[in-house]
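Remember, predicted model here, so these are calculated numbers, not experimental data. Just so it is clear: chains get the letters A, B, ... in the order the sequence lines come, proteins before strands, and each one is counted from 1.
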Amino acid sequence: MSEITETKITANQPEQRELRYEPQQIEEKWHARWEADPALYAAEPHTSKRKKYYVLEMLPYPSGALHMGHVRNYAIGDALARYMWMNGYNVLHPMGWDAFGLPAENAAIKNNVPPRQWTLSNIGHMKAQMKRIGFAYDWSREVATCLPEYYKWNQWFFLKLYEKGLAYRKKSKVNWCPECATVLANEQVVDGCCWRHEETQVQQQELEQWFVRTTNYSEELLAGLDKLEGWPEKVRTMQRNWIGRSEGALVDFKIDGAISGTEKITVFTTRIDTIYGATSIQLAPEHPLVAELVGNDPHLHSKVEDLLREQARAREVGDVGAIEKHGVFTGRYALNPFNQEKVPIWVANYILMDYGTGAIMSVPAHDERDHEFAQKYGLEIRIVILPRRIGQPPAPGEPEPPVLPYTEKDSLLINSGEFSQLSNQEAIQKMSAFAEQHGFGKRTVTYRLKDWGISRQRYWGTPIPMLYCEKCGVVPVPEKDLPVLLPENVDITLQGGSPLGRVPEFVNATCPKCGGSARRETDTMDTFVDSSWYFYRYTNAKLADRPLDTATVNYWFPIDQYIGGVEHAILHLIYSRFWTKFMRDLGLVKNDEPATRLFTQGMVIKDGAKMSKSKGNVVSPDDMVAKFGADSTRMYSLFATSPDRELDWQEAGVEGVHRFLSRIYRLVKRNAQPTHPFWNHPRPRHLPDNLRKIERKLHQTILKIRNDFEGRWHFNTSIAALMELLNEASEIIEWANYEPTGPLPFMQGQTGFIHVPVPPTKEVAIPFTALFLRQFVLLLAPFAPYLAAELWEVIGEKAILLRTDWPKGDAILALEEVIDIAVQVNGKLRDHVLIEYNATEETVKAAALAKVALHVEGKEIAKVIVVAGKLVNVVVR
RNA sequence: GCGGAAGUGGUGGAACUGGCAGACACACCAUCUUGAGGGGGUGGCGCCGAAAGGCGUGGGGGUUCAAAUCCCCCCUUCCGCACCA
């Protein structure tokens, strides 16, 4: 670079007031403009020629105010939506409210405000917060699940489920949360406690409830996971475990000696190959046969009662795994169908009635639990499986005893009659077939997944559209009578069951079949029903006569990118997969799965702990926006760490981002060329070295950020790259536009002699600056939309920023012409050498050797490794 | 217990396929601007050492010209599951 002179400079004062970055002013200004022109954010219709892109963030519960977790979630989605828009896609980016639920009722009790009013006012406030932060949602598609125009379709779907036999009513043991005063689904019980009240143990209650037959789709829900390659492996694993498929067999053991009515016990086993080692039968305490077997023996009876109590207690504590195993012998025997051996029938507290058949064959030698139990009660432990020795069958007579219990499946059968010497995989096949042939067993598949209990004894939810007629029994509300409206002015308490039951105008109805008097169902639906299909409604949120329009849904679905918290891995995400399959079978949609890609963002924490009121470490988005502006707040949430990781909120970090945005603001404001728009100038042919340097960096940055959006989503490094670009460019851009007669714009307060490059001619400086700043603003747009909009105007652009092409980046212009090559000796860094990018390997080698001559002196060079464009390693002896 | 993820400066974190560890930022130090400052500019900043140099990615071993990255053993933290027969 020859253009260097030495210049005397003096302090440049006073500071120019108008160059202070004032996010409040800028953001309020654009907030108002965007409010006036919502069309800016609306997706184009489904007849658009553009390629569609559906990006969705999980809808929030309107609790009252946004928290940082929301801001982070939506900042990710919004950056993606904006990026996709600017890459020519027709983007659907909607938002809505998961608006039914218990907190509204609690607020009603506490503050005497009707749930509807409380909820709608929260929605109003949170919507204003979202708009203030500048999230680009298409508000024309807003959905609030508590409004009749939405929940009407919950009821409609319920009728369809009922019609198809997928909704049914049954009396059973259900989970009851005393705090919520309602029943919970299995998915809503975490470690024996309520998912909303982590301290509150769930109680078991016998109630009549509505269930949805999710288990009809067990197999498909499981198999579908293999195809969801865009979902985190963690979520897929959790769902697999939750569905819990086991292949096995049902085997009937005849009860020895007559017994009234029943004469066999059916057990479920995945290890039929170990059946010759079964030395007892174990029944769950709740097994229906237990009463018969126990008869009227008072001693046995009280023992069984004890076992029942122990199991119930363990279940409530949520610690079934740690229960101490107890059991009692019934005095009766069953016959092993394979060898007619008599095995004792026991009742044990570790057998669960709601899995398999509630009865097992106990094989102490080959099952850990059975082993523990048998040792405790002195039951026979009989080895029927040996560790398999490859190519060498065990010598008869001297079987090498395995360490018990031996549960491996790569093994060989012994003491198993005609099945001895088979490998256990073979034995499973042959013994199952044998059982089927002889009519005492059959192959089967068992799932852990249970049907979804959806009845809730609460007010603020979708009324279940069912009637109970004295004459006709259970009668669905006819479709034409939907919605069954949720009455207003209901007295809400947490005692005494469903609040709707205390509203006679609601309860008393007429039977649509016989015209006689009927009673309405007073339970409401689980709010997870609402969120199981809300994303379909966004495609046509105002549709009055149907839940959705199939052609529109087919255009938008599946969701291209779904973003939310991992806490819904098995709740919402399994229910909505079920719902999609059900809708597909109704012919309403044609996709099998709701979303192609799922992203689960990390939690936002503060000082190493989850933000919570009790810990006093809650950071309010409002405060951050007031202090640093929305752009800094949301950009920090992307910059602090990658989106999948936990984010520890540090206010100093927000300040840092704010400083970065200030520097951008000043740079653009001082150097904008609004009267020289970029299209008036092609890229200058001959750039001086320093301009070429930042042009190269610019293209490297564009390509890097593209790579981040299209790959790993490490937006923290995207933003770091923008910072690097600014660091490298700002001084050069300032000097390129330096007027020798004017004030020194950027080196405020600097005095003394410094090296100053001579500015390029205006013919180069003006178009280059126009091009550079324009691209910089575009790069910024997905992350800091307010500042980008403001600066877009400052540089004289009139087009809609969100519909302007995001820079493509040019790999040729990004190329480094001179590369810094590291020179190592025996793997230790010793020097660097600058080399033309297209230098031959020989040139590189020679240059490198010359550099490290001293280190190599007197030693024999064993070899020289050249890694193109990176380093040279000289290996010496 | 089983399964998964992760351990890098004072801090948040970079290093994408084995190739210069610590990009970018925060904090801190120095310095300039100032009556002063929480603003702005410049420089420094892994550890030991005056320097040359050495040591450094949870610990220990290994593979390799070269390891944060691959392999083996161990430790720690977080998350999920946990009598599922």
Taking atom [atom1] in both [N] and [M], what distance in whole Å separates the two?
{"N": "B/rC70", "M": "B/rA25", "atom1": "C1'", "answer": "31 Å"}
{"N": "B/rG60", "M": "B/rC65", "atom1": "C1'", "answer": "24 Å"}
{"N": "B/rU11", "M": "B/rG59", "atom1": "P", "answer": "15 Å"}
{"N": "B/rG22", "M": "B/rU8", "atom1": "C1'", "answer": "8 Å"}
{"N": "B/rG12", "M": "B/rG46", "atom1": "C1'", "answer": "16 Å"}
{"N": "B/rG35", "M": "B/rA27", "atom1": "C1'", "answer": "28 Å"}
{"N": "B/rU17", "M": "B/rC24", "atom1": "C1'", "answer": "23 Å"}
{"N": "B/rA14", "M": "B/rA67", "atom1": "P", "answer": "23 Å"}

- A/I76 side chain near A/W713 side chain, heavy-atom distance below 4.5 Å: yes
Give me, pair by pair, the N or O atoms of the protein and of nucleotides 44-49 of chain B that are less than 3.5 Å apart, along with how far apart they are.
none

For [X] and [N], what is the distance between atoms [atom1] and [atom2] respectively, to the nearest whole Å?
{"X": "A/H714", "N": "B/rG13", "atom1": "NE2", "atom2": "P", "result": "12 Å"}
{"X": "A/M353", "N": "B/rA85", "atom1": "CE", "atom2": "P", "result": "16 Å"}
{"X": "A/I605", "N": "B/rC78", "atom1": "CD1", "atom2": "C1'", "result": "10 Å"}
{"X": "A/F660", "N": "B/rG41", "atom1": "CZ", "atom2": "P", "result": "13 Å"}
{"X": "A/L726", "N": "B/rA25", "atom1": "CG", "atom2": "P", "result": "9 Å"}
{"X": "A/L722", "N": "B/rA23", "atom1": "CG", "atom2": "C1'", "result": "14 Å"}
{"X": "A/R659", "N": "B/rU42", "atom1": "CZ", "atom2": "P", "result": "13 Å"}
{"X": "A/N186", "N": "B/rC81", "atom1": "CG", "atom2": "P", "result": "13 Å"}

- Contacting residues from residues 866-876 of chain A, given that a heavy atom lies under 4.0 angstrom of RNA chain B: A/V867, A/K870, A/L871, A/N873, A/V875
Partner residues of [X] under the salt bridge (charged side-chain N to carboxylate O under 4.0 Å, His left out) criterion, sequence neighbours left out:
{"X": "A/E860", "result": "A/R877"}
{"X": "A/D648", "result": "none"}
{"X": "A/E646", "result": "none"}

Side-chain N or O of [X] closer than 4.0 Å to phosphate OP1/OP2 of [N]:
{"X": "A/R645", "N": "B/rA14", "result": "yes"}
{"X": "A/N707", "N": "B/rC16", "result": "no"}
{"X": "A/T717", "N": "B/rC16", "result": "no"}
{"X": "A/R712", "N": "B/rA15", "result": "yes"}
{"X": "A/R240", "N": "B/rG80", "result": "no"}
{"X": "A/K234", "N": "B/rG4", "result": "no"}

[X] near the nucleic acid: base, sugar-phosphate alone, or nothing, with a heavy-atom cut-off under 4.0 Å?
{"X": "A/G656", "answer": "sugar-phosphate"}
{"X": "A/D820", "answer": "base"}
{"X": "A/R830", "answer": "sugar-phosphate"}
{"X": "A/E646", "answer": "sugar-phosphate"}

- Decide yes or no on side-chain hydrogen bond (donor to acceptor under 3.5 Å, both in side chains) for A/D631 and A/Y636, but give the supporting numbers first. CA-CA 8 Å; A/D631 280 342; A/Y636 169 72; over 6 Å; no
- Note on the structure: salt bridge (charged side-chain N to carboxylate O under 4.0 Å, His left out) pairs touching residues 272-282 of chain A, sequence neighbours excluded, are A/R271-A/D273
Out of [options], whichever nucleotide has its closest atom nearest the side chain of [X]:
{"X": "A/F639", "options": "B/rG39, B/rC16, B/rA25", "answer": "B/rA25"}
{"X": "A/H832", "options": "B/rA85, B/rC20, B/rA27", "answer": "B/rC20"}
{"X": "A/A652", "options": "B/rA85, B/rC26, B/rG12", "answer": "B/rC26"}
{"X": "A/Y355", "options": "B/rG41, B/rA85, B/rA27", "answer": "B/rA85"}
{"X": "A/N727", "options": "B/rG19, B/rC24, B/rC65", "answer": "B/rC24"}
{"X": "A/T641", "options": "B/rC16, B/rG41, B/rG13", "answer": "B/rG13"}
{"X": "A/A822", "options": "B/rC81, B/rC20, B/rG54", "answer": "B/rC20"}

Should [N] form a Watson-Crick or G-U wobble pair with both distances under 3.5 Å, which nucleotide is its partner?
{"N": "B/rG39", "result": "B/rU33"}
{"N": "B/rA5", "result": "B/rU77"}
{"N": "B/rA66", "result": "none"}
{"N": "B/rA25", "result": "B/rU11"}
{"N": "B/rC55", "result": "B/rG46"}

- Item | Spacing of NZ belonging to A/K851 relative to CD1 belonging to A/I821, to within rounding of 0.5 Å | 12.5 Å
- Item | From CZ (A/F783) to OG (A/S718), nearest 0.5 Å | 4.5 Å
- Answer yes or no: is there a donor N or O on one side and an acceptor on the other, between the side chain of A/D367 and the main chain of A/D370, under 3.5 Å? yes
- Would you say the side-chain atoms of A/N826 pair up with the backbone N or O of A/V876, donor to acceptor, closer than 3.5 Å? yes
- Task: Answer syn or anti for B/rG9, where the cut-off is 90° from 0 on the glycosidic torsion.
- Result: syn
- Can A/K325 be said to sit on top of A/Y350's aromatic six-ring, NZ or CZ under 6.0 Å from centre and within 45° of the ring axis? yes
- Query: Without hydrogens or angle criteria, can the side chains of A/N727 and A/R663 be said to hold a donor-acceptor pair below 3.5 Å?
  - Reply: yes
- Please figure out whether A/A720 or A/R245 has its closest RNA chain B nucleotide nearer the 5' end. A/A720
- Contacts of A/A640 and A/I570 projected onto RNA chain B by closest heavy atom; the upstream (5') one is A/A640
- Item | Aromatic centroids of A/F599 and A/W231 separated by under 6.0 Å | no
- Message: Please determine whether salt bridge (charged side-chain N to carboxylate O under 4.0 Å, His left out) holds for the pair A/R670 and A/E734, giving the CA-CA distance in whole Å, both sets of side-chain angles, and the decisive distance to 0.1 Å.
- Response: CA-CA 8 Å; A/R670 277 200 292 251; A/E734 299 281 11; 3.1 Å; yes
